[in-house]
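Read the structure below first, then the notes.
All heavy atoms count here, side chains included; hydrogens, waters and symmetry mates do not. Model, not experiment: these values are computed from the prediction. All ligand and atom numbering here is 1-based and tracks the order in the structure.
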Amino acid sequence: MSYVFNPAPVVSVPVLGIAERFPVHRIYCVGRNYEEHAKEMGFTGREPPFFFLKPTDSLIVVPEGETGAMPYPSLTHNLHHEIELVVAIGTGGKNIKAADAYKHIYGYAVGLDMTRRDLQNDMKKQGRPWCIGKAFDQSAPIGPITPAAAVSDIAHAEISLQVNGQDRQRSNVSKLIWNIAETIEHLSAAWELQPGDLIYTGTPEGVAAVVAGDTLVGKVNTLCELRVQIY
Ligand code: MN
């Protein structure tokens, strides 16, 4: 087959311990999935889960032991960090029940759902899509994937983000409003999940602005940490 120009390369994420990489299909994100974060955004209670997407090529893939470089994006004066547990789907399906959800998971990674908060808030006020606030170029830093078999008790893992060595976000995956299995159940009712899908599961409280020069270190217990510098 020939093309009128060279197709974009396959976007992929390294997998700890093996040479083969994880080819990325789609990036799904869950909104307001920790109660204390929902409150800081002006909402309360357990609302049905809702989702948005980021383009696959918005990933900044950061290998183990390296520091990723993220350009400060255009149009914003309020770039926020959101540390998130990322679930990597290995086996697709639709209408997956929560009880079967873990069979579909290939592994886990630490991710940042970087957000142009001022633009997102403008869109919210106008009832318009969030794309310009959430789905911009290089908006999704991610560290290596740890295969599920090598991860212990992800449902109770501590999750944290430090900026320039200071704590900004610290919580526990057990505080997800919709847990990993429930998220997969809801998501797969709306879309047929495919191998290679990534799910950013939501951020805990403490989201705040970063500026050029800041170094972000995100951790989820037992996963490879994610280190990113804004420039
Ligand atoms: Mn988020």
Y28 and Y200 aromatic centres sub-6.0 Å: no
Less than 4.5 Å apart, any side-chain heavy atom of I159 and any of R170? no
Count, waters excluded, of protein N, O or S atoms under 2.8 Å from the Mn ion (ligand 1): 3
Within 45° of the six-membered ring axis of F50 and under 6.0 Å from that ring's centre, is NZ or CZ of R32 located there? no
Parallel, tilted or perpendicular: which one describes the rings of W178 and H186, with boundaries at 30° and 60°? perpendicular
Per side-chain contact (heavy atoms from CB on, under 4.5 Å), I83 is matched among V207, T203, L216 by T203
Mind checking whether Y106 and F22 have parallel, tilted or perpendicular rings, split at 30° and 60°? tilted
